[in-house]
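One structure is given here, and the rest of the page talks about it.
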Protein chains: 2
Amino acid sequence: MNDRKQHVIRMAHQLFIERGFQATSIQDILEYSGISKGTFYNYFSSKNELLIALFKALYGSMETSRDELLIGQDRADLTIFIKQIELQMNTNKKNKLITLFEEVFVSNDEDLKQFLKEGQKRMIQWVFNRFLELFGEDKRPYLLDGAIMFLGILHHNVKYYSIANGSSVDISPVVHYSVHRIVTLLNDAANAGEQLNKPEQMSTWLPDASKPNEVFKEKLYHIIATLKNSLDENQMKSIELLDFIQDEFLHSKKSREFLIESVLCSLRNDQTLDQKTVAKLDQLVKDYFVRVAEACEQSNK
Amino acid sequence: MNDRKQHVIRMAHQLFIERGFQATSIQDILEYSGISKGTFYNYFSSKNELLIALFKALYGSMETSRDELLIGQDRADLTIFIKQIELQMNTNKKNKLITLFEEVFVSNDEDLKQFLKEGQKRMIQWVFNRFLELFGEDKRPYLLDGAIMFLGILHHNVKYYSIANGSSVDISPVVHYSVHRIVTLLNDAANAGEQLNKPEQMSTWLPDASKPNEVFKEKLYHIIATLKNSLDENQMKSIELLDFIQDEFLHSKKSREFLIESVLCSLRNDQTLDQKTVAKLDQLVKDYFVRVAEACEQSNK
DNA sequence: ATCTGTTTTATACCGACAGTACAATTTGCG
DNA sequence: CGCAAATTGTACTGTCGGTATAAAACAGAT
């Protein structure tokens, strides 16, 4: 991504933190980041698009550093989970993510709304999957309820603890407290055999969650994250290649098959990567283009 | 309150439910309720003021009917509490209160924000007080945390249960489920002796909660609500008198002492009212005016 | 250094919006 | 009826998000 464009995002973020999203006018952003209106609308098609770009950047880095905490660790270790939650809560606080979130959650822009919902859903799914690893398969029926309630407890506790103790207070005790509570809560629900939401229904929650394209994107995201997690900062080329693939699929209307093919070719020759995972990626992409081609034929009939 | 004014509030509410607050322009409200712009700004000083008036009306009626459920009942009966919560959740849903709430919670209008925060705080305090009655004094240290977590669990469960099962689904099982969970949660926290927020600090939470004026307003509200609860619809005069006092104190910069005095005089002669409570009200008002007079002298020095 | 295509800038503009100002009209009430 | 208050209609201000476009700055290839 353009250097200048990222600069604008950073400057806007600063203004959003200081005054909020609604209260920051485009004019403010232009003056603060020293660009003209024309350039702004060359980068972003609207103010909301800028916000989405900002969220993507923040969430992306948050999710990777959160996932990095798991590398080489026992996935069933509760203390690691606590560290992951603390990390996310602190990033939220630092970037005033929650405030921004709330401010625009109910908005007239359907795209923005959908994007934010998707983010919430991803968070619930992540907690659910971690709970599976932490509490085991036999608790599965109760873990979706658990994930939902955990986030409810956590957010409320953080919110009012911050009000009572000042927003600069250490959030760690709140996270510990909330995790302790959810452990008991899960046992309680399992003992009582009470269930509100069935985990199997999770995929049908959000309207387009069951669309093949969304499933593809999620798989793609997961595989690429796995590959990236196995790399360190010295292997910039490989990381860039993976990022390129992800970007090409997520942000272009029409992904350029020949480009992606050649990138995959490079990856297959990269000895530092786990070739089993690369093969998975290869297959996934192949299936995708087959499906696109079929859909294309179908519509030409 | 003016008939016409209430009509405007009702029409606006309808539009807010259909399209949301931000998406409803003042022009829309004017056309829909058939008044002119001049009249609108004669009634409300701004669009936000209208929203506050709407919230006040909705909250007011919700709180009274919620409190009515307790009359002549065992205050320690959990099933009554469940009924009260169900009532509030259903009112929320019917009036799209939560959506409206979220939409304007982070707003530029400091007054509106303060008003909404006050409402949330009142809700937490109400749950805390009910928990005291339900679970007893010995659990007190854990009941503020409990109230906060209960609302977090409840709102999250309702939200995602509605997403999964359609917004017209019966909310009752969610309330039962959430109440069951919080009971265990409270026992768990008490057993572990873990505490996040001290109930004594509750009054200092919101900036002006400790201001004498706010304490006064709360006491006033409570006494008047008690008196009103003992009346039925046939005693309109008494209700109007009580409403007048409340309105005079809450909405006027300078309450007219002579008017309030004469209203109190009428109330003292009203045999249908509990004269012990009326005496309390009398004393409260007397203290208030003494304090105002003192403050006035102080500033004239 | 010159040509060429792209990016950036400056500026004027549009429509929608919240809120103001005010003179003209209607309404309600003694 | 007469008068004061409420109501109306309309025109206005300033701000906002977003569009349009011509001129200027820039960058890479020859």
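Every chain is numbered from 1 and lettered A, B, ... according to where its sequence line falls, protein lines coming before strand lines.
- Ring geometry for B/F55 against B/Y59 counts as parallel: the plane angle stays under 30°, on a 0 to 90° scale with 60° as the upper cut.
- If you take CD of B/E31 and P of D/dT8, they are 14 Å apart, rounded to a whole angstrom.
- Taking a heavy-atom distance under 4.0 Å as the criterion, the stretch of DNA chain C touched by chain A extends 5' to 3' from C/dT8 to C/dT9.
- Take A/Y43 and apply the ring-ring contact (aromatic ring centres under 6.0 Å, His included) test, not counting sequence neighbours, and it matches no residue.
- In this structure A/F16 satisfies the ring-ring contact (aromatic ring centres under 6.0 Å, His included) test together with A/F21, sequence neighbours excluded.
- Under the rule for a side chain to side chain contact (heavy atoms under 4.5 Å, CB included), the partners of A/S65 that lie at least two apart in sequence or sit in another chain are A/E68, A/L87.
- In this entry the distance linking CG of A/L112 with C1' of D/dG17 reads 15 Å, nearest Å.
- Here B/F44 pairs with B/F40 under the ring-ring contact (aromatic ring centres under 6.0 Å, His included) rule; sequence neighbours left out.
- Under the rule for a side-chain hydrogen bond (donor to acceptor under 3.5 Å, both in side chains), the partners of A/S25 that lie at least two apart in sequence or sit in another chain are A/D28.
- Residues meeting the side-chain hydrogen bond (donor to acceptor under 3.5 Å, both in side chains) test with B/D282, sequence neighbours left out: B/R268.
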Could you go over nucleotides 23-27 of chain D and give all protein N or O partners under 3.5 Å, atom names and distances?
none

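- Residues forming a side-chain hydrogen bond (donor to acceptor under 3.5 Å, both in side chains) with B/S36 (at least two apart in sequence, or on another chain): B/T39.
- Not counting sequence neighbours, the partners of A/K159 by the side-chain hydrogen bond (donor to acceptor under 3.5 Å, both in side chains) test are B/Q120.
- Considering only residues two or more places apart in sequence or on other chains, A/Y32 meets the side chain to side chain contact (heavy atoms under 4.5 Å, CB included) condition with A/M11, A/Q14, A/L15, A/E18.
- Contacts between residues 32-47 of chain A and DNA chain D, counted as heavy-atom distances below 4.0 Å, involve A/K37, A/Y41, A/S46, A/K47.
- As a whole-Å value, the separation of B/R4 CZ from D/dA5 P is 18 Å.
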